[in-house]
There are 2 protein chains.
Amino acid sequence: MAMAPQARRAGRPRSAVLGRARITAAARRIIEARGYPALTMSALARSLGVSPSALYNHAASKQQLLQWIQEDVMAGVDSSGFGRLPLDDALRLWATSYRDVFARHAPLVPVIAVLPVAGSPRTLRMYEDVAAGFLGAGWAEEDVAAAIIATESFIFGSALDATAPLDIFDAGEHAARFPAFSGAVARQRASGMPSAEAAFGLGLEALIAGLMTRGPGGPAASRSSS
Amino acid sequence: MAMAPQARRAGRPRSAVLGRARITAAARRIIEARGYPALTMSALARSLGVSPSALYNHAASKQQLLQWIQEDVMAGVDSSGFGRLPLDDALRLWATSYRDVFARHAPLVPVIAVLPVAGSPRTLRMYEDVAAGFLGAGWAEEDVAAAIIATESFIFGSALDATAPLDIFDAGEHAARFPAFSGAVARQRASGMPSAEAAFGLGLEALIAGLMTRGPGGPAASRSSS
DNA sequence: ACCTGAACACCGTTCAAGT
DNA sequence: ACCTGAACACCGTTCAAGT
């Protein structure tokens, strides 16, 4: 998979061997093949045939590298439904693709959740589609940002949950002391669907249904008392 | 804050100076005072007046230490409403306290999201309360686990979001290219409420409203006769 | 400008030796 | 059983030297 790295002397090469695109692609290959723990600056440099310090001529830090990856990965999120499909269908398409992408990139979730959007044009493009979808469906402008962020929070949490071991909710030896929960988990498991899939499906439908009651037809904005 | 560490020779002390409870308490003091990045095994050992390797006589790894902290922190989550309040009110109380606790412990979220519950009796106790609440409200057993996990996913995502910088959704110089989203963000900000709070409130109400339509009797019975 | 190679300041963790 | 102190195998990152 990796090119056989040619020996190279110190000094500026004739043409730059790195650059953001090549570095990001190499990082994604490592993640795909061996997972996030294998993504070290050292391993990344080796796969590119350079020394680790060379990377710092392009990326300011590993954190920045992760931001590049995030921006790249975001291309897999499908926000094409907004303005074209009914809002609930567009939300389903968006949320499902968004969760699927970040379930495969769970270590990015804590990074992206805290990352200013200004540095990520592709992410902004996506938010623009979603916001336009809400507004086009007649939503009050003051609720749109909160609705987007809330949906995204559910998506991020669900992406993390999707990476959990299948038996994460097994009470094991304590099962008898927690009969309601153990029974519910056993019953859910008997359905054959992984709990993360069932939870995402049920939660997404509930969230969308709840959001729809806030749309132009619904009982507008009760002030929440929390 | 830390006791002046007395010099101690190698060899077994008369009485154990560590133990899970003391280690966990010391870790929480460090987190409280200086945040998660400051929680290193070395700093923890120093605050306890021992050498770093001494910790490994009690905790198998830093990962296990984080699990102890998680279990300890979980005591702050309020699941006392289930079986006592109407289900929607109990869910509000539970979700709000749960999010608040983990907003202050965001680095635990990726840990806990993937952690088998069997090792955490306090977490199981909490799930038992929630499951009993759903069942007591007449929910079908097969939906309970998914409903709990879905709500928790929203909580975890919201906890991460709560740690984001206040201006995370500012498009900055690109604002003009993304007018729908930028307008929505500006309008939300004008309300004076931090976007994370607005999103959690709106999302929680939507999710609960959506879940209630799935309660006993199907999509008609969302009544909470308190 | 963009690379190498050595070095730095950490990490978590292991283990022999001590009582 | 439970501690110390030295060591190990990493990390990400910096920087002088080279072209």
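Order of the sequence lines fixes the chain letters, A, B, ..., with proteins taken first and strands second; residue numbering starts at 1 for each chain.
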Original post:
Tell me: CG of Leu55(B) to C1' of dT14(C), nearest whole Å?
Top reply: 14 Å
Subject >> Gap between atoms CG and C1', on Asn57(A) and dG18(D) respectively (whole Å) >> reply: 13 Å
**OP:** Please state how far atom CG in Leu39(B) lies from atom C1' in dC11(C), giving the value in whole angstrom units.
**Re:** 13 Å
Original post:
Between dG12(C), dG12(D), dT13(C), which nucleotide gets closest to the side-chain atoms of Thr40(B)?
Top reply: dG12(C)
Original post:
What is the distance from CD of Gln64(B) to P of dT13(C), rounded to the nearest Å?
Top reply: 10 Å
Original post:
With a non-hydrogen cut-off below 4.0 angstrom, is Ser53(A) in contact with a base, only sugar-phosphate, or nothing?
Top reply: base
Subject >> Partner of Asp72(A) by salt bridge (Lys or Arg N to Asp or Glu O under 4.0 Å), out of Arg28(A), Arg22(A), Arg20(A) >> reply: Arg28(A)
Original post:
When the distance from CE of Met41(B) to C1' of dA9(C) is rounded to whole Å, what number comes out?
Top reply: 19 Å
**OP:** Grab the CG-C1' distance between Leu44(A) and dT13(D) for me, whole Å please.
**Re:** 14 Å
**OP:** With the side chain of Val50(B) defined as its heavy atoms from C-beta on, choose the nearest nucleotide among dT4(D), dT13(D), dG12(D).
**Re:** dT4(D)
Original post:
Between Arg177(B) and Glu128(A), is a salt bridge (Lys or Arg N to Asp or Glu O under 4.0 Å) present by the stated rule, with each step listed?
Top reply: CA-CA 9 Å; Arg177(B) 290 167 51 208; Glu128(A) 179 68 10; over 6 Å; no
Original post:
Considering Watson-Crick and G-U wobble pairs with both distances under 3.5 Å, what does dC3(D) pair with?
Top reply: none
Original post:
To the nearest angstrom, how far is Tyr56(B) atom OH from dA1(D) atom C1'?
Top reply: 19 Å
**OP:** Report the distance from atom CG of Leu18(B) to atom C1' of dA1(D), rounded to the nearest whole Å.
**Re:** 12 Å
**OP:** Could you let me know what dA17(D) is paired to, Watson-Crick or G-U wobble, both distances under 3.5 Å, or none if it's on its own?
**Re:** none
Original post:
The side chain of Ala54(A) lies closest to which of these nucleotides: dT14(D), dT13(C), dT4(C)?
Top reply: dT4(C)
Original post:
Taking any strand in view, what nucleotide pairs with dC10(C) in a Watson-Crick or G-U wobble way, both distances under 3.5 Å?
Top reply: none
Original post:
With respect to the side chain of Ser51(A), which nucleotide from dC3(C), dT4(C), dG12(D) is positioned closest?
Top reply: dT4(C)
**OP:** Assess whether salt bridge (Lys or Arg N to Asp or Glu O under 4.0 Å) is satisfied between Asp170(A) and Arg189(A), documenting all intermediate values.
**Re:** CA-CA 10 Å; Asp170(A) 261 351; Arg189(A) 171 171 301 186; 3.6 Å; yes
**OP:** Working to the nearest 0.5 Å, report the span between OH of Tyr127(B) and CD1 of Ile148(B).
**Re:** 8.0 Å
**OP:** Using the six-membered ring of Phe200(B), assess whether NZ or CZ of Arg99(B) lies under 6.0 Å from its centre and within 45 degrees of the ring axis.
**Re:** yes
Original post:
If only side-chain N and O atoms of His58(A) are considered, is one of them under 4.0 Å from the OP1 or OP2 phosphate oxygen of dA1(C)?
Top reply: no
